[in-house]
Amino acid sequence: FFGSGKSHFLKILAYLLENREVAGKTALDYFIDDAKVHDQKTLANMKLAASIPNEVMLFNIDSKAKNGNKSQKDAILNVFLQVFNEQLGLFGADFWIADLERDLIAQGKYDEFQSKFKELDRQNRDWLDARNAYAFLKGTIRDALVEIGFMSESDADGFIDQLKKEYPISVESFAKLVNKHIETQGKNYHMAFLVDEVGPVSYTHLTLPTICSV
């Protein structure tokens, strides 16, 4: 119900799961020191949740979704992929570019690519600052990929042409991508998507729990 505190609860939950430090004090300690929770079982569960490595992605899906895309079938899935990419430091606005960065990182070429891009860019910009304008920098991106030996000229041309196409996405491919990341983390690592403003008005094609944990 409007005004019942769902968003506030979700934010507090995010802080607790990651046990974030705020003003020199962990989120859990705020509850313990101020005796905010009197039920010992609940407090024990909070301590347990805070004791394991949790990576939390808290976001408002309405503010993340691109204008005009909210009624599309894959609207929610697209936002999840965008947020996941951004969490990893990848480009969130275009999935093709994010995949390129992912592949460069996997092959140990990302730093070399960034250096070469800056060298070739007319304004000598860092990649992370310039990538928002990638649509106007396709030639520079192509040349950088070729010069560092990451792609042949024909493959680089193919990648640039691919940027014009719609990115294929499915729940299965997204799940595999997330699982691949999880497998690179510690044994007891957990990832949680905490999503605010998922409602039937804006997203008519899919309903989703407020919290998704993997």
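- With hydrogens and angles disregarded, no donor-acceptor distance shorter than 3.5 Å links the side chain of H38 to the backbone of K36.
- There is no side-chain donor-acceptor pair under 3.5 Å between D121 and T140.
- The distance from atom CG of L10 to atom CG of N60, rounded to the nearest 0.5 Å, is 10.0 Å.
- Looking only at distances, a side-chain donor or acceptor of N54 sits under 3.5 Å from a matching main-chain atom of L17.
- Cation-pi contact between K25 and Y30: present, with separation from the ring centre below 6.0 Å and deviation from the ring axis of at most 45°.
- Linking Ile, Leu, Val, Met, Phe, Trp and Tyr residues whenever their side-chain heavy atoms come within less than 4.5 Å places I61 and V171 in a single cluster.
- Side-chain N or O atoms of S173 include none that pairs as donor or acceptor with a backbone N or O of I169 at under 3.5 Å.
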Trace of the side-chain contact (heavy atoms from CB on, under 4.5 Å) decision for M191 with H181: CA-CA 10 Å; M191 174 184 289; H181 169 71; 3.3 Å; yes
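- Other residues, nucleotides and ligands contribute at most 12 non-hydrogen atoms within 6.0 Å of the CD atom of E153.
- The structure places NZ of K116 at 15.5 Å from CH2 of W127, a figure rounded to the nearest 0.5 Å.
- Using a 3.5 Å distance cut-off with no hydrogens or angles, the side chains of Y167 and D99 do pair a donor with an acceptor.
- Atom CG of residue L145 and atom CD of residue E112 lie 10.5 Å apart, to the nearest 0.5 angstrom.
- Separation of atoms CE (M46) and CG (D39) is listed at 10.5 Å; rounding is to 0.5 Å.
- For the residue pair D157/S154, the side-chain donor-acceptor check at 3.5 Å is not satisfied.
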Residues D126, F117; criterion side-chain contact (heavy atoms from CB on, under 4.5 Å); working and verdict: CA-CA 8 Å; D126 290 328; F117 175 87; over 6 Å; no
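- Side chains of Q107 and D103: no donor on one and acceptor on the other come within 3.5 Å.
- The shortest heavy-atom contact between L58 and A14 is CD2-CB, 3.9 Å.
- Here the options are F159, Y134, F91, Y110, the test is side-chain contact (heavy atoms from CB on, under 4.5 Å), and the partner is L100; only F159 passes.
- Between F174 and F95, the distance separating the two ring centers is not shorter than 6.0 angstrom.
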Test log, rule salt bridge (charged side-chain N to carboxylate O under 4.0 Å, His left out), inputs K180 and E183: CA-CA 5 Å; K180 186 176 181 179; E183 288 178 342; over 6 Å; no
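- Interatomic distance, CG of L81 versus CG of L177, reported as 6.5 Å (0.5 Å rounding).
- The two residues L137 and R125 come nearest to each other via the heavy atoms CD2-NH2, 3.3 Å.
- Both W96 and L88 sit in one connected hydrophobic cluster of ILVMFWY residues. Membership requires side-chain heavy atoms under 4.5 Å apart, directly or through other members.
- Rounded to the nearest 0.5 Å, atoms CZ (F113) and NZ (K118) are 14.0 Å apart.
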Test log, rule side-chain contact (heavy atoms from CB on, under 4.5 Å), inputs Q185 and H190: CA-CA 9 Å; Q185 306 303 306; H190 293 71; over 6 Å; no
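- Annotation for A50 and L28: closest pair CB-CD2, 4.0 Å, computed over non-hydrogen atoms.
- Follow the hydrophobic side-chain contacts under 4.5 Å out from I148 and you never reach L120; the two are in separate clusters.
- Grouping the Ile, Leu, Val, Met, Phe, Trp and Tyr side chains by contacts below 4.5 angstrom, directly or via other members, places L128 with F150.
- A centroid separation of less than 6.0 Å is found between the aromatic rings of F80 and F193.
- Side-chain contact, N45 with T42: no donor N or O sits under 3.5 Å from an acceptor N or O.
- M57 and Y15 fall into different hydrophobic clusters, where Ile, Leu, Val, Met, Phe, Trp and Tyr side chains are chained together by heavy-atom contacts under 4.5 Å.
- Formation of a donor-acceptor pair under 3.5 Å by the N85 side chain with backbone atoms of G92 is not found in this model.
- Within the 4.5 Å cutoff, the side chain of Q82 has heavy atoms near those of the K64 side chain.
- Side-chain atoms of E18 do not come within 3.5 Å of backbone N or O of E55 as any donor-acceptor pair.
- At a threshold of 4.5 Å between non-hydrogen side-chain atoms, the residues M151 and R142 do not count as touching.
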Stepwise side-chain contact (heavy atoms from CB on, under 4.5 Å) test for L163 and I97: CA-CA 8 Å; L163 293 176; I97 296 295; 3.9 Å; yes
